[in-house]
*Asks:* 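After the structure tokens below, expect a handful of questions from me.
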Amino acid sequence: MKDIRQEKVLIAEKINKYFRIPVDFHVLKDVSFSVRKGEFVTIMGKSGCGKSTLLYVLSTMDTDYEGRLTLAGDLVTGKPHDQLARIRNEHIGFIFQFHYLLPEFSVLKNVMLPALKLGRKSEAEIREDAMEKLRLLDIGEQADKLASRISGGQKQRVAIARALINEPAIIMADEPTGNLDSRNSANVFDILDKLSHEKHMYLLVVTHDEEFARKTDRIITMADGKITRD
Amino acid sequence: MNWSLIFSISRTHLLSRRKQSIIAALGVTFGIGTFIILVSFMTGLNKMLDGLILDRTPHIHLYNEIKPSEKQPLDYLEEYASDTRIIHSIKPKQNQVRIHNALPIIDYLKDDNRVLGATPQVQAQVFFVSGAIELNGIINGIDIQEEVRLFNLDNYIVDGDPKDLVRNDNGIILGAGLGDKLSVQIGDRVQVTTASGGTFQLKVIAFYQSGIADIDNVQSYANLKVAQRMMRAGNNYITDIQVKLKDINNAADMSGELSRQFNLTAIDVNTANAQFEAGNTIRNIITYAVSVTLLIVAGFGIYNILNMMIYEKMNDIAILKATGFSGVDVRRIFISQALLIGFTGGILGLIFGFGVSVLIDHTPFEVEALPTVKTFPVNFRLLYYVIGIVFALIATFFAGYFPARRAQKIDPVDIIRGT
């Protein structure tokens with residue numbers, strides 16, 4: 001990949017997607033937009049408008065779509081799965097609604113795994129990095145606990161730490177606060193906001209939470225598989 | 001590819017599902033253990049039975065057979081060559097029982113580098129006299145040292161020391177059944193009369209038991225010279241030559257060759273014991289069939305458990321894929337889990353199999369027919385252990401491969417979306 005900090009980090013052109021099961025359904029209709037570096041973007045919309053589906057297409061996990069997707073100047077549409085996995089590993093940090101930690105691994109190991117997979121640094125360095133991220137998110141003291149033994153808010157922060165471990169250019173989040181109370185949710189917003197403005201990461205967040213969205217740089221609203229307001 | 005990472009992930013998976021992993025590994029353990037036990041025990045048994053027959057059977061037996069000439073006088077008349085000839089009342093050809101030029105033949109055989117050894121024998125039909133009763137018997141005149149070296153005669157001696165025959169010219173090794181009938185002990189003398197009327201006193205120095213009653217009731221062994229004297233013949237009187245080869249597989253070829261060369265009847269061990277060979281093969285097939293079945297059953301156990309595990313770990317697989325692990329990585333994680341189960345279970349199975357084999361090896365097993373066998377025979381061969389562990393790995397690899405392929409193909413979006 002070329003310089004990740006160039007003008008347009010992500011370009012989506014005429015993305016179309018259909019669900020075939022249970023019935024033919026046109027989910028995304030000619031969705032086109034682009035995002036510049038350091039932007040904190042939220043995608044909003046009612047349930048079923050296709051915003052999560054769009055996010056999964058943008059994340060490269062879902063490859064069953066029509067159109068062109070360019071990440072950091074590289075066309076990713078049509079690349080084989082293993083290369084896409086590599087791109088996700090290196091350039092995209094993912095935060096899910098239900099945190100999705102590996103319950104049998106320690107908190108620290110959960111954070112370390114993507115970096116171990118990337119294999120750019122030694123294990124000791126990765127451990128150091130992971131601890132630093134955990135401390136940044138104020139959960140350093142939970143590092144050795146099993147991921148299944150900490151609270152929901154802590155889990156979400158661990159997930160954020162995991163998304164950050166490879167210092168990706170893009171962070172994508174699917175309802176990161178959907179499962180949290182308002183205090184934790186504000187906390188998560190602050191963390192993400194800080195990342196966007198201090199580290200110039202590009203954040204793309206799908207959310208229902210209007211309060212959360214209002215505070216971000218840019219809101220994309222979707223309805224019926226189309227962008228209705230940007 | 002970072003194998004240590006993959007192994008550390010699969011180790012964590014296995015350890016956190018300890019009970020399941022142990023059950024899966026135990027499946028392999030029992031499969032491999034039973035394989036080891038079965039194959040060691042069965043081949044041990046085979047070897048014992050082989051020994052029973054083959055130890056005492058010469059690879060090639062040379063002798064003069066009394067039989068009718070193959071070419072009768074009529075066959076020499078050319079004018080009837082194309083006619084149908086019928087001869088009634090053919091009689092065996094007058095022929096001497098002794099082997100002509102036996103001693104040079106033995107020397108010749110000993111020089112052949114395919115031959116481990118060749119021993120002369122003289123068979124004498126005798127009567128054992130006990131009071132007014134005369135019992136039929138056969139005395140084999142033998143070279144005791146060669147007989148012990150080549151045909152393990154000492155393994156079949158139940159009482160006494162066969163080597164005493166070297167020191168005692170007039171010694172005799174009596175068949176155990178014969179000894180019972182004559183009610184003699186070691187050191188006692190038995191009286192023997194020969195077909196031609198001579199009478200000999202022989203001292204009992206040992207008892208012989210082959211386990212086959214028909215033989216033990218008539219067979220006995222004495223020095224070659226004694227038997228020759230009984231036949232009123234010199235030291236070149238030899239009725240049989242028994243040959244032991246270095247490689248038993250040469251027996252058939254060589255017996256044909258010797259038969260032509262010396263104009264003698266030659267019987268090789270395979271012809272003499274053809275049915276035995278067939279029994280061996282069938283026992284081996286059964287052993288391997290049962291073992292392979294056990295291992296396949298164990299393989300299905302692993303397949304099931306891994307399939308379940310992958311079902312439970314859908315979320316984990318999706319997370320791994322979302323955070324950048326490729327499908328191949330995920331497949332490797334699950335295959336390595338299968339292999340870890342196979343390896344641990346396999347090693348435990350080898351230990352278990354070895355332990356039980358040792359136990360069987362020390363279990364008393366005494367039957368009258370097998371005087372030299374005191375415990376169950378077990379064949380400890382490294383090869384079976386190698387086969388065992390290799391099979392464990394192969395079986396678990398395939399048991400893991402298909403579930404792992406499924407994991408490789410799982411679409412993370414389906415899982416994360418939670419539909």
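Throughout, a chain's letter reflects where its sequence line sits, starting with A, and its residues are numbered from 1.
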*Asks:* Evaluate the side-chain contact (heavy atoms from CB on, under 4.5 Å) criterion for residues B/S4 and A/E123: first the C-alpha distance (whole Å), next the side-chain angles of each, then the deciding distance (0.1 Å), finally the verdict.
*Replies:* CA-CA 11 Å; B/S4 69; A/E123 198 176 329; 5.9 Å; no
*Asks:* Please look at B/L15 and chain A and tell me whether the side chain, the backbone, both or neither of the residue comes under 4.5 angstrom of a heavy atom of that chain.
*Replies:*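 Neither part.
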*Asks:* In terms of heavy-atom pairs under 4.5 Å, which option from A/H81, A/R88, A/R86 contacts chain B the most?
*Replies:* A/R88
*Asks:* Is it the backbone or the side chain of A/T53 that comes under 4.5 Å from a heavy atom of chain B, or both, or neither?
*Replies:* both
*Asks:* Using the side-chain contact (heavy atoms from CB on, under 4.5 Å) rule, take A/F94 and B/I319 through it: C-alpha gap first, then chi angles, then the decisive distance, then the call.
*Replies:* CA-CA 9 Å; A/F94 223 102; B/I319 298 162; over 6 Å; no
*Asks:* Could you go through A/L102 and B/L320, starting from their C-alpha distance and side-chain angles, then the distance that decides it, and tell me whether this counts as side-chain contact (heavy atoms from CB on, under 4.5 Å)?
*Replies:* CA-CA 9 Å; A/L102 301 172; B/L320 286 171; 4.0 Å; yes
*Asks:* Give me the atom names and distance for the closest heavy-atom approach of A/D82 to B/V328.
*Replies:*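 Residues A/D82 and B/V328, closest heavy atoms: OD2-CG2, 3.4 Å.
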*Asks:* Considering non-hydrogen atoms only, spot the tightest contact between A/N89 and B/G324 and give its length.
*Replies:* CB-CA, 3.6 Å
*Asks:* Walk me through it: do A/E104 and B/R11 pass the test salt bridge (charged side-chain N to carboxylate O under 4.0 Å, His left out)?
*Replies:* CA-CA 11 Å; A/E104 289 140 356; B/R11 218 188 52 218; over 6 Å; no
*Asks:* How close do A/L113 and B/F325 get, heavy atom to heavy atom, and via which atoms?
*Replies:* O-CZ, 3.9 Å
*Asks:* Side chains of A/K117 and B/S326: any donor to acceptor distance under 3.5 Å?
*Replies:*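 Short answer, no.
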*Asks:* Quick check on B/F343: does its CZ atom have over 12 non-hydrogen neighbours (other residues, nucleotides or ligands) under 6.0 Å away?
*Replies:* no
